[in-house]
Amino acid sequence: MLRHEFRPGRALAGLTMLALAGGYAAEAAGAWKVPWAFFLPVLLGGLFLSATATWTAYMVRRRRDARKASAENMEAPASTSGSHAIK
């Protein structure tokens with residue numbers, strides 16, 4: 001059993017930050033010469049992808065939990081007369 005659930009948005013955000021750090025380190029070492037404006041789209045694109053992955057995972061988890069709760073609740077309803085009043 002897993003200790004915690006997988007969070008794809010956090011994984012993508014982490015990979016984006018690692019890529020940016022690697023790019024900055026390569027430029028600082030002189031191994032790679034790129035304009036500073038290259039890093040801004042990488043940052044914004046990575047954050048957008050991580051937000052999209054987080055939203056998608058949330059919707060999938062929400063739907064899965066709703067199906068599970070619906071399947072577990074197979075008893076008779078609280079009131080069969082149509083009235084919700086407690087008598």
Side-chain angles (χ1 to χ4, degrees):
M1 183 170 203
L2 295 174
R3 292 183 180 203
H4 57 84
E5 57 192 33
F6 178 63
R7 306 251 183 187
R10 288 184 181 186
L12 285 173
L15 289 174
T16 300
M17 296 306 144
L18 282 174
L20 287 172
Y24 278 118
E27 185 170 353
W32 192 29
K33 185 67 178 164
V34 296
W36 67 270
F38 172 77
F39 293 107
L40 187 62
V42 172
L43 172 67
L44 295 177
L47 291 178
F48 175 76
L49 283 176
S50 66
T52 303
T54 299
W55 179 79
T56 303
Y58 169 75
M59 295 304 286
V60 167
R61 194 176 311 115
R62 183 176 169 195
R63 184 172 178 173
R64 183 184 57 214
D65 290 344
R67 277 188 174 179
K68 186 177 178 183
S70 175
E72 290 175 355
N73 191 11
M74 300 299 286
E75 302 115 24
S79 173
T80 57
S81 65
S83 172
H84 294 286
I86 299 175
K87 294 183 181 180

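All figures in this text were calculated on a predicted structure; none of them were measured in a lab.
Hydrophobic cluster of Leu40: the remaining members, joined at side-chain heavy-atom separations below 4.5 Å, are Leu44, listed by chain and number. Leu20 belongs to a hydrophobic cluster whose remaining members, ordered by chain and number, are Met17, Tyr24, Trp32, Val34, Phe38, Phe39, Val42, Leu43, Leu47; membership requires side-chain heavy atoms of ILVMFWY residues under 4.5 Å apart, directly or through intermediates.
Among residue pairs with one or both ends in residues 22-48, none qualify as salt bridge (charged side-chain N to carboxylate O under 4.0 Å, His left out); sequence neighbours excluded. The side chain to side chain donor-acceptor pair (under 3.5 Å) contacts involving residues 38-61 comprise Glu5-Arg61, where partners must be two or more places apart or lie in separate chains.
For the residue pair Gly46 and Thr16, the shortest heavy atom distance occurs at CA-OG1, 3.3 Å.
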